[in-house]
Peer 1: 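Next up is a structure, given as structure tokens.
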Amino acid sequence: MRNRKDFPLTTGLMLALTGCCAAPALAADLQADVPENVILEDDEQEGFHGIIVLGGGVQPDFEGAAEYAAVPLLYANLTAFGLGLEIEGPEVSLNLRPDAAFQFGPSIGYDMGRDGASNKVVDRLDKIDAAFEVGGFAAYQFSSLLAQSDVFEISAELMADVSGVHEGVSGSIGASYMYGVTDRLRLGTEVAVGFASDGYMDTYFGVTSGGAARSGLQSYTAGGGVKDVSLGATASFNVTERWGIVGKVGYSRLLGDAADSPIVKKEGSADQFSGGIGISYSF
């Protein structure tokens, strides 16, 4: 079982995968997927509207794993009464200013922990319970920088454990760029840097003395700092006025104490890949 922080990249078209990387960017990208020839009625503009994406993909079995697992893709961005609700897999964010250039809001997340890993050596390590996290995001969007249909965004997210599992914090700082090639096709790219505290890093990348005795891996204490750097590419195509196809590929490179962990060096990989595809419906 993987924890949700494998890919901190959450800008662009996030698969949960989701990476890691900041909550509001996907909203901007997917809202832009509504074709220009779709004219929303007044009640759609002022009332309840949004976009939903369902699909599937692949990503590492756990953070730092060399084995991969199939995962569902679930994304929704719903807007009503001047607020935006974004759901990306196990993370939910409330955008307090969804129609503004500067956006921010609170977030809650669920980290599934690590138990029953497909890697038999890693599965002998201490079980990591599921964790509940709270935090928030902030972002600033620049529109029509190079073309009328483009959006550039810088964003940041910070989440803290409130369930006593790792008792630390993690987050990311990123940037994304989305460009409308045609009325139906949009392409995007994003980059993000992830960081985490001592508590988070040692929980997910450390090896206790007991875990070392059971697994044969060397005892290891991981310290906080920069955790990874991520790159991603997205594409969306509107098949009809409401229905579309969306996809993303992502790459994350673990750094620092995360990359030096025996879990990664001996049994896993610092190179983490993800990919997926889904069907979107806007209303």
Peer 1: Under the salt bridge (Lys or Arg N to Asp or Glu O under 4.0 Å) rule, what pairs show up with a residue in residues 211-223, not counting sequence neighbours?
Peer 2: Asp126-Arg214

Peer 1: Find the distance between CD (Gln218) and NZ (Lys265) and round it off to the nearest 0.5 Å.
Peer 2: 10.0 Å

Peer 1: What distance separates Leu125 CG from Asp115 CG, expressed to the nearest 0.5 Å?
Peer 2: 11.5 Å

Peer 1: Could you tell me if the side chain of Leu85 sits less than 4.5 Å from the side chain of Asn95, heavy atoms only?
Peer 2: no

Peer 1: Please name all residues satisfying side chain to side chain donor-acceptor pair (under 3.5 Å) with Asn119, sequence neighbours left out, ordered by chain then number.
Peer 2: Glu67, Glu267

Peer 1: Hey, does Glu133 have a side-chain heavy atom less than 4.5 Å from the side chain of His166?
Peer 2: yes

Peer 1: Would Phe62 and Ile128 count as a side-chain contact (heavy atoms from CB on, under 4.5 Å) here? Give the steps.
Peer 2: CA-CA 11 Å; Phe62 57 88; Ile128 302 175; over 6 Å; no

Peer 1: If you look at every heavy atom in Pro98 and Gly82, which pair is closest and at what distance?
Peer 2: CD-O, 3.3 Å

Peer 1: What closest approach, in Å, do Arg97 and Gln103 show between heavy atoms, and which atom pair accounts for it?
Peer 2: O-CG, 3.1 Å

Peer 1: If I compare all heavy atoms of Val207 with all of Ala212, which pair ends up nearest, and what's the gap?
Peer 2: CG1-N, 3.7 Å

Peer 1: A side-chain contact here means heavy atoms from C-beta on lying under 4.5 Å apart; do Leu255 and Phe195 qualify?
Peer 2: no

Peer 1: Any donor-acceptor pair under 3.5 Å linking the side chain of Asp198 with the backbone of Gly223?
Peer 2: no

Peer 1: Using only atom types and a distance under 3.5 Å, with no angle test, would you say the side chain of Asp228 pairs donor to acceptor with the backbone of Ser252?
Peer 2: no

Peer 1: Could you tell me whether the side chain of Pro106 reaches within less than 4.5 Å of the side chain of Leu96, counting heavy atoms only?
Peer 2: yes

Peer 1: Any chance you could measure Tyr179, atom OH, to Thr189, atom OG1, to the nearest 0.5 Å?
Peer 2: 15.0 Å

Peer 1: Show the numbers, then the answer: is there a side-chain contact (heavy atoms from CB on, under 4.5 Å) between Ser170 and Lys227?
Peer 2: CA-CA 9 Å; Ser170 63; Lys227 182 170 70 75; 5.5 Å; no

Peer 1: Do any N or O atoms from the side chain of Asn238 and from the backbone of Glu241 form a donor-acceptor pair under 3.5 angstrom?
Peer 2: no

Peer 1: Does any N or O in the side chain of Asn77 come within less than 3.5 Å of the main-chain N or O of Glu86, such that one atom is a donor and the other an acceptor?
Peer 2: no

Peer 1: How many angstroms lie between atom OH of Tyr68 and atom OG of Ser118, to the nearest 0.5 angstrom?
Peer 2: 11.5 Å

Peer 1: Main chain of Phe152, side chain of Ser143: is a donor-acceptor contact present, judged purely on distance under 3.5 Å?
Peer 2: no

Peer 1: For the pair Arg124 (side chain) and Gly216 (backbone), establish whether a donor and an acceptor sit closer than 3.5 Å, ignoring hydrogens and angles.
Peer 2: no

Peer 1: Less than 6.0 angstrom separating the ring centers of Tyr110 and Phe132, yes or no?
Peer 2: yes

Peer 1: Of the non-hydrogen atoms in Ser155 and Glu153, which two are nearest, and what is the gap between them?
Peer 2: CB-OE2, 3.8 Å

Peer 1: Hey, does the side chain of Asp161 reach the backbone of Val165 with a donor-acceptor pair shorter than 3.5 angstrom?
Peer 2: yes

Peer 1: Is there a side-chain contact between Val246 and Thr234, using heavy atoms and a 4.5 Å cut-off?
Peer 2: no

Peer 1: Tell me the closest heavy-atom pair linking Ala117 and Val122, and the distance in Å.
Peer 2: CB-CG1, 4.3 Å

Peer 1: Which value, rounded to the nearest 0.5 Å, describes the distance between Arg114 atom CZ and Asp123 atom CG?
Peer 2: 9.0 Å

Peer 1: Take Arg186 and Ser149 through the side-chain contact (heavy atoms from CB on, under 4.5 Å) test and state the conclusion after the steps.
Peer 2: CA-CA 9 Å; Arg186 294 182 65 82; Ser149 61; 4.3 Å; yes

Peer 1: Return the set of residues passing side chain to side chain donor-acceptor pair (under 3.5 Å) with Asp271 (not counting sequence neighbours), or none when no residue passes.
Peer 2: Tyr251, Arg253

Peer 1: How many angstroms lie between atom CZ of Phe205 and atom CG of Leu254, to the nearest 0.5 angstrom?
Peer 2: 5.0 Å

Peer 1: Does any part of the side chain of Ile87, heavy atoms only, come nearer than 4.5 Å to the side chain of Val92, both counted from C-beta?
Peer 2: yes

Peer 1: Checking Phe283 against Leu78 for the side-chain contact (heavy atoms from CB on, under 4.5 Å) test, could you report, in this order, the C-alpha distance in whole Å, the side-chain angles of both residues, the deciding distance, and whether it holds?
Peer 2: CA-CA 9 Å; Phe283 58 94; Leu78 311 174; 3.7 Å; yes

Peer 1: Looking only at heavy atoms, which two atoms of Ser274 and Gln59 are closest? And how far apart?
Peer 2: CB-CB, 4.2 Å

Peer 1: Side chains of Tyr204 and Asp111: any donor to acceptor distance under 3.5 Å?
Peer 2: yes

Peer 1: Please check: side-chain N/O of Tyr75 versus main-chain N/O of Ser280, any donor-acceptor pairing under 3.5 Å?
Peer 2: no

